[in-house]
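Read through the structure below, which is laid out as structure tokens, and then see the notes.
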Amino acid sequence: MSSTLTSTPASDGYRMPAEWDDHAGCFLVWPERTDNWRDGAKPAQRAWRALIEAIASAEDVTVLVSRRQYVVARGLLPDHVRLVETTTDDAWVRDTGPSFVVNDAGDVRGVSWTFNAWGGLRGGLYFPWDADDLVGPKICDLERVPVYRPSLVLEGGSIDVDGEGTVLTTEECLLNPNRNPDLSREQIEAELHAHLGTSKVIWLPRGVVHDETDGHVDNFARFAAPGVVMLTWTDDEADPQHERSAEALAILEHDTDAQGRPLRVVKLHQPGPLRMTAEEAAGVDSVPGSQARAAGERLAGSYVNSYIGNGIVVLPVFDDPNDAAAVAAYEELFPGRRVLTVPGREILLGGGNVHCVTQQLPSGR
């Protein structure tokens with residue numbers, strides 16, 4: 001069993017690397033909840049297969065899967081994808097899994113935040129969530145890396161780092177009273193720096209409209225390189241997303257990163273707006289304690305919610321007029337990587353996208 005550390009990563013000389021640094025592999029969790037994934041989760045599982053095949057073309061992939069779904073997943077996934085039978089509550093490993101940190105010697109450790117299903121009993125998306133709160137330590141056990149276990153309630157999708165001291169986040173999420181009501185903004189900043197090895201937080205007020213995670217930054221604004229931020233955008237001033245994106249743009253264009261560099265912002269026009277169809281909503285089981293789905297509800301679609309892997313970037317697309325521009329922008333942002341597209345709608349119907357359902361394991365190199 002991996003040892004649980006009582007110190008902090010920063011005090012031990014560790015920091016969270018940027019996602020574009022070299023990976024030793026990637027983790028996902030197989031979807032199966034019928035109160036979140038429509039039609040017995042079969043359409044979602046096909047979307048997972050496409051995503052896993054894309055990532056596995058460039059790096060090792062491990063999929064956590066329940067006993068009930070092990071044979072199903074094994075039959076659908078390539079033989080070189082590792083399956084590990086694990087108990088989970090749902091498939092959002094970015095939020096339930098560990099944020100990995102490294103030191104200058106290349107050693108890797110995990111930070112397993114406290115997870116309360118995006119709000120606990122004050123707006124959380126499902127109950128119970130105790131199995132998901134153990135996903136982080138389990139992955140660290142599997143990789144035989146020591147783990148930090150802070151009491152801070154935080155999901156991996158609520159932060160994004162440049163690997164050089166800067167962390168992006170939103171006030172809508174991290175200052176939400178359903179996460180850490182007894183901590184001030186300054187105390188939360190101190191916790192971030194202690195566990196990420198960062199020195200500057202850039203706070204954006206809000207995230208994507210109707211993002212049920214309370215505005216996760218990984219669906220809204222992320223680093224594409226040091227000093228470069230990609231931002232979800234819309235030109236439609238009547239769309240409520242425009243005000244949110246414009247206020248973030250004003251902050252980013254007038255701020256600097258931890259190294260003092262001005263930030264270059266690349267706007268990625270949102271798909272849609274996209275909405276759930278009656279057929280899609282009807283395919284989701286209605287269960288007390290879980291997030292309800294309704295026909296016509298707005299989906300928090302975004303091209304920012306991608307995965308940066310070894311020599312690749314995996315980008316969700318939506319059969320939308322804005323898809324082509326998003327692909328072109330990614331090809332310019334990541335010239336040394338292949339841009340691989342995967343269907344994003346089924347993952348979006350569950351409440352997130354490609355970045356939300358993946359967690360990279362850095363190589364430490």
Side-chain angles (χ1 to χ4, degrees), residues 1-19 21-27 29 62 64 84 86 88-89 92-118 120 129-169 173-174 179-180 182-201 216-218 258 355-356 358-365:
M1 177 178 292
S2 297
S3 59
T4 300
L5 303 165
T6 57
S7 53
T8 67
S11 66
D12 295 338
Y14 284 76
R15 60 176 177 80
M16 184 176 174
E19 191 166 320
D21 283 5
D22 191 62
H23 298 175
C26 177
F27 286 91
V29 176
T62 297
L64 308 184
V84 179
T86 311
T88 66
D89 293 307
W92 307 104
V93 73
R94 177 68 54 179
D95 294 344
T96 61
S99 299
F100 289 103
V101 292
V102 301
N103 66 8
D104 290 341
D107 303 313
V108 178
R109 294 179 177 178
V111 179
S112 182
W113 313 96
T114 298
F115 179 73
N116 76 348
W118 309 276
W129 56 79
D130 54 315
D132 271 354
D133 191 40
L134 288 174
V135 169
K138 287 179 178 179
I139 289 176
C140 291
D141 254 2
L142 188 63
E143 292 301 318
R144 291 181 169 83
V145 299
V147 60
Y148 300 92
R149 197 77 163 100
S151 60
L152 187 72
V153 176
L154 183 141
E155 307 91 39
S158 69
I159 54 172
D160 193 72
V161 302
D162 64 355
E164 298 186 6
T166 320
V167 55
L168 275 174
T169 191
C173 183
L174 258 63
R179 301 301 207 280
N180 300 285
D182 298 327
L183 296 182
S184 68
R185 178 191 184 111
E186 292 72 26
Q187 289 172 317
I188 290 173
E189 281 201 13
E191 287 288 311
L192 291 176
H193 295 328
H195 289 92
L196 300 174
T198 50
S199 58
K200 179 168 184 176
V201 181
H216 270 192
V217 80
D218 74 340
H355 195 254
C356 306
T358 52
Q359 176 57 61
Q360 71 276 4
L361 172 65
S363 69
R365 294 194 297 274

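Only this structure's heavy atoms are used, side chains among them; waters, hydrogens and symmetry mates stay out. Residues take their numbers from the sequence shown, with the count starting at 1.
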Legend entry - side-chain hydrogen bond (donor to acceptor under 3.5 Å, both in side chains) partners of Arg15, counting only residues at least two apart: none
Inset, instruction - Mind jotting down which residue pairs meet the salt bridge (charged side-chain N to carboxylate O under 4.0 Å, His left out) criterion with at least one end in residues 99-113? Sequence neighbours excluded, please. - result: Asp12-Arg109
Inset, instruction - Sorted by first residue and then second, give each salt bridge (charged side-chain N to carboxylate O under 4.0 Å, His left out) pair with at least one member in residues 153-163; sequence neighbours left out. - result: Glu155-Arg179, Asp160-Arg222
Inset, instruction - For residues Thr88 and Thr96, determine if any side-chain heavy atom of one lies less than 4.5 Å from a side-chain heavy atom of the other. - result: no
Legend entry - Residues Ser363, His23; criterion side-chain hydrogen bond (donor to acceptor under 3.5 Å, both in side chains); working and verdict: CA-CA 5 Å; Ser363 69; His23 298 175; over 6 Å; no
Legend entry - Flag for His216-Ser158: side-chain donor and acceptor within less than 3.5 Å: no
Legend entry - Counterpart residues, side-chain hydrogen bond (donor to acceptor under 3.5 Å, both in side chains), relative to Glu143 (two or more places apart): Arg82
Legend entry - Check: Arg149 side chain, Leu5 main-chain N or O, donor-acceptor pair, under 3.5 Å: no
Legend entry - Partners passing side-chain contact (heavy atoms from CB on, under 4.5 Å) against Pro9 (at least two apart in sequence or in another chain): Tyr14, Val101, Val111, Tyr148, His195
Legend entry - Ile188 CD1 to Leu174 CG distance, which is reported to the nearest 0.5 Å: 5.5 Å
Legend entry - Non-hydrogen atoms of Gly110 and Phe100 that approach each other most closely: CA-CD2, 4.0 Å
Inset, instruction - Could you list the residues that satisfy side-chain hydrogen bond (donor to acceptor under 3.5 Å, both in side chains) with Thr86, not counting sequence neighbours? - result: none
Legend entry - Any side-chain heavy-atom pair of Glu189 and Arg185 under 4.5 Å: yes
Inset, instruction - Look only at the side chain of Arg94 and the backbone of Gly157, and say whether a donor-acceptor pair between them is shorter than 3.5 Å. - result: no
